[in-house]
Chemist: 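Sending over a structure as C-alpha cells; questions will come in a sec.
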Amino acid sequence: MEDPVVISGFDMDRAGTINALVNEPAGTFICRFSMSQPGCLVLTCKVGPTHPRADAMGLVHAIMQIDDLHERRVDTWIRDYAGATHLLDVYRCKRVDKRKVFATNYTRLRGLEAGDVPPQPPFAMTPGGFM
C-alpha cells in the first residue's frame, strides 16, 4: 500500500472537506491547509451531532495555528487527538487507521524507568574520533 496523503492540497477547501466526510463514520478526519488563515492547518473530524462542538453535519473543524505548530509537530497533534481515529486520503478515497500512519519507533520518556533502558556501550576515543 502506498503511503496515504496526510495533508490535503490547496484544492481541498471547507466545502470539499464537508462533502468528503458527510458519509464517513465518526472518527474519520481530514487535515488540510486553511484558506482563510494562511500558514495554518485545519483538522476536520467527523464526531457526530451530539458532540458539543459539532456543526450541523457532525463535524468539528479545529485550527492549528502557527504557534501550535511551533509547539508540537502536526503528526503529534493528530496522534494525540483521540476523536480522530482514521485518516481519509481524499485522493485515493481510502480510510487508514491513524496508528498505521503515525506509527513511531520512539518510546515516550514518561514511560521509561531506569530499568527499562538497555545499557549503552561506552564511547571509546580513537585517533580518528569516537568509536
Chemist: Calculate, to the nearest 0.5 Å, the distance between atoms NE2 and CG belonging to His86 and Asp97 respectively.
Modeler: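 Atom-to-atom, His86:NE2 and Asp97:CG are 4.0 Å apart.
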Chemist: With the side chain counted from C-beta on, respond yes when Phe102 and Val6 share a heavy-atom pair under 4.5 Å apart, and no when they do not.
Modeler: yes
Chemist: What pair of heavy atoms forms the shortest contact from Asn19 to Val22, and how long is it?
Modeler: O-CG1, 3.4 Å
Chemist: Start with the C-alpha gap between Val5 and Val90, add the side-chain angles, then the distance that decides, and say whether side chain to side chain contact (heavy atoms under 4.5 Å, CB included) holds.
Modeler: CA-CA 8 Å; Val5 176; Val90 297; over 6 Å; no
Chemist: Going by atom type alone, with no hydrogens or angles, which donor-acceptor pairs under 3.5 Å involve a side-chain atom of residues 33-44 and a protein atom two or more places apart or on another chain?
Modeler:
from, atom 1, to, atom 2, distance (Å)
Ser34, OG, Ser36, N, 3.4
Ser34, OG, Gln37, N, 2.9
Thr44, OG1, His61, ND1, 3.0

Chemist: Under the salt bridge (Lys or Arg N to Asp or Glu O under 4.0 Å) definition, can you give me all pairs with a residue in residues 15-36, not counting sequence neighbours?
Modeler: Glu24-Arg95
Chemist: Side chains of Leu88 and Phe29: does their closest heavy-atom pair fall under 4.5 Å?
Modeler: no
Chemist: Do you know the tightest heavy-atom contact between Gly83 and Cys45?
Modeler: O-SG, 3.4 Å
Chemist: In chain order, what residues pass the side-chain contact (heavy atoms from CB on, under 4.5 Å) check against Ala62, with sequence neighbours excluded?
Modeler: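 With sequence neighbours excluded, Ala62 shows a side-chain contact (heavy atoms from CB on, under 4.5 Å) to no residue whatsoever.
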Chemist: To the nearest 0.5 Å, what is the distance between CZ (Arg72) and CE (Met64)?
Modeler: 10.5 Å
Chemist: Ignoring hydrogens and angles, tell me if any N or O in the side chain of Lys46 forms a donor-acceptor pair with the backbone of Gly58 under 3.5 Å.
Modeler: no
Chemist: If you draw a 6.0 Å radius around CG in Asp11, do more than 12 non-hydrogen atoms from other residues or ligands fall strictly inside?
Modeler: yes
Chemist: Is Lys98 reaching over with its side chain to a backbone N or O of Tyr81, donor-acceptor style, under 3.5 angstrom?
Modeler: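 Looks like yes, one N/O pair under 3.5 Å.
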Chemist: Checking the side chain of Asp55 only, and the main-chain atoms of Leu59 only, is there a donor and an acceptor separated by less than 3.5 Å?
Modeler: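 Checking the backbone N and O of Leu59 against the side chain of Asp55, a donor-acceptor pair under 3.5 Å is found.
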Chemist: Under the 3.5 angstrom rule, does the side chain of Tyr91 hit a backbone N or O of Gly9 as a donor-acceptor pair?
Modeler: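 Yes, Tyr91 side chain to Gly9 backbone: donor-acceptor pair under 3.5 Å.
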Chemist: Hey, is Asp89 close enough to Arg92 for a salt bridge, meaning N to O under 4.0 Å?
Modeler: yes
Chemist: Are the side chain of Asp80 and the backbone N or O of Trp77 linked by a donor-acceptor pair below 3.5 Å?
Modeler: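 Pair absent, no side-chain N/O of Asp80 close to backbone of Trp77.
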Chemist: Looking only at heavy atoms, what is the nearest atom pair of Gly48 and Ala54, with distance?
Modeler: O-CB, 3.3 Å
